[in-house]
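To find a chain, count down the sequence lines: A is the first, B the second, and so on, and within it residues start at 1.
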Protein chains: 2
Amino acid sequence: MMVHDAKACIQLVPIFQSLSTKEKAEVATLVRHHHFAAGESLFTAGDAVTSLLIVAHGQVKITQIAANGKEQLLYLLNPGDFDGEAALFKASTRQNFGTALSATDVCLIRREDFQKLLQRSPQLALNILNAFGQRLASVTEQTTRTTTASIEERLAMYLLETAGKNTADFTLPLKKKDIASYLGTTPETISRKFRDFADAGLIKKLAVNRFQILDPDQLALME
Amino acid sequence: MMVHDAKACIQLVPIFQSLSTKEKAEVATLVRHHHFAAGESLFTAGDAVTSLLIVAHGQVKITQIAANGKEQLLYLLNPGDFDGEAALFKASTRQNFGTALSATDVCLIRREDFQKLLQRSPQLALNILNAFGQRLASVTEQTTRTTTASIEERLAMYLLETAGKNTADFTLPLKKKDIASYLGTTPETISRKFRDFADAGLIKKLAVNRFQILDPDQLALME
DNA sequence: CGCAGCTTTGAGCGGAGTCAAGGCTCGTGG
DNA sequence: CCACGAGCCTTGACTCCGCTCAAAGCTGCG
């Protein structure tokens, strides 16, 4: 059962995918499990980084607290995503907070074990480098958007990205509070912009956090 | 002459520092040089990534163009820094722009060569991973600041970080235009905030882009 | 010396934050 | 099964930070 879960975890994660079966089996022996209920904290700023954390199931939000006490949502971890890597190579402490949004299962690999693994598998290091690149690009993108686009544009982008192809009926995966924090604004403003979009005939409100996107092209034009 | 420069470059760069003398010599054979005048473009979005680029001397700004055409300064490369994208395994085209701010010397290592190097030296891979971790943290930090702090706070932070210990007399390394782009605002606003700081007795203007910081503690309080 | 690009300053406006109050929703417990 | 309350969401009124536009000094380089 534990072993089965461990394997599932490893199968799930892109960074392990190009390893040989033997290597994967080896990794599997290093994995620990943990379950978190919705709302539970996985880690807190100031914690020592002792493990690489891989999300097997559920969703985790990573936030940072600014000097003025405001919470900023940095990104979400979905199944297959991992975290802690940034600090994993030096003794250091977490700079941010991880909170389970829904019931979540994670796999943990101890730092020393992971480092040994890395020393022996250059391919693994390359995979991580790739994952880094993606996250870097996404955070960079986010920064650019925040500093150059209006709230309206940012929200339009967010909607299109989040909805994907489910334009006919889709439910926001986050509360407005969290969307606001992600986009660098307030819940009130988000609420108002949604109303504006609806008034303009771009979206249709189905329920509180459920929408239909009527005019994706027009939304995209805001970009 | 070439060889001397190559060695200098390698000595300079943290990511190569923990390599053995033999390995360093090997790296040195792979290095090419290039010089850029101030204002010259090193690369442009859309270019193929053919080489890893290490700054030996000078300063390079990395920018991105937002959808609305506005330029956003992402970060600067100083001597010893290397450009991120090229270190990545998959990224094949540039996503952003590199421009020399002053006369700049760079060392280039062809992508394939560098990746072979990585395959063989886990230590090198770890070093890169580390450097990336830091950049990721710094970009993340920047995002948080941009979305949560006021322009005034951001500028205060920037000043303190940039001045370092030279509070008595220091010259801005960037034009106000670039500082504005970095902080996500306009040159006019930067100009006004500097005046406000001066009026409040926090700084003293010595010349156009030269200041004395009178009250670092008070500035830090804005944070 | 002259021009191009940077900087400074002013006036005016608008987007978005704050504060406050009322409506919804959903989970919990009586 | 319904009533209650906490936490969300929505809406309004008001304020203000920072952007835009415009014009006039600076500065440095050719």
Has the side chain of B:Glu188 got a donor or acceptor atom sitting under 3.5 Å from an opposite partner on the base of D:dC21?
yes
Looking at A:Lys176, I'd like to know whether one of its side-chain N or O atoms comes within less than 4.0 Å of OP1 or OP2 on D:dT10.
yes
Tell me whether the centres of the aromatic rings in B:Phe211 and B:Phe194 are closer together than 6.0 Å.
yes
Nearest to the side chain of B:Lys205 - C:dT8, C:dT7, D:dC9?
C:dT8
Counting the atoms with a prime plus P, OP1 and OP2 as sugar-phosphate, which does B:Arg195 contact under 4.0 Å by heavy atoms, base, sugar-phosphate, or nothing?
sugar-phosphate
Using the rule side-chain hydrogen bond (donor to acceptor under 3.5 Å, both in side chains), only one of A:Gln72, A:Gln64, A:Lys70 pairs with B:Thr144; which is it?
A:Gln64
Whole Å only: how far is the CZ atom of B:Phe194 from the P atom of D:dG18?
15 Å
Apply side chain to side chain contact (heavy atoms under 4.5 Å, CB included) to residues B:Val139 and A:Thr143 and explain how you reach the verdict.
CA-CA 8 Å; B:Val139 173; A:Thr143 304; 4.0 Å; yes
Would you mind telling me which of D:dG18, C:dT25, C:dT7 lies closest to the side-chain atoms of B:Thr189?
D:dG18
What is the distance, rounded to the nearest whole Å, between atom CZ of B:Phe197 and atom C1' of C:dT8?
17 Å
Between P of D:dC17 and CZ of B:Arg154, the distance in whole Å:
14 Å
Quick check: do A:Gln59 and A:Leu76 have side-chain heavy atoms less than 4.5 Å from each other?
yes
D:dC9, OP1 or OP2 - any side-chain N/O from A:Lys193 closer than 4.0 Å?
no
Nearest whole angstrom, please: distance from the P of C:dC6 to the CD1 of B:Ile179.
13 Å
Could you tell me how far apart A:Leu183 (CG) and C:dG15 (P) are, to the nearest whole angstrom?
18 Å
When the distance from CZ of A:Arg210 to P of D:dC8 is rounded to whole Å, what number comes out?
21 Å
Walking DNA chain C from its 5' end, the first of B:Arg192 and A:Lys70 to be reached, judged by nearest nucleotide, is B:Arg192
side-chain N/O A:Thr185 vs C:dA16 OP1/OP2, d < 4.0 Å
no
d(CG, B:Leu206; P, D:dT27) in whole Å
14 Å
Could you tell me whether B:Gly184 contacts a base, only the sugar-phosphate backbone, or nothing, with contacts defined as non-hydrogen atoms closer than 4.0 Å?
sugar-phosphate
B:Asp178 versus B:Leu73: any side-chain heavy-atom pair under 4.5 Å?
yes
Map B:Lys175 and A:Glu152 onto DNA chain C by nearest heavy atom, then report which one ends up closer to the 5' terminus.
B:Lys175
Could you check how far CD1 of B:Ile190 sits from C1' of C:dT9, rounded to whole Å?
16 Å
It should be established whether A:Thr186 places a side-chain nitrogen or oxygen under 4.0 Å from OP1 or OP2 of nucleotide C:dG17.
yes
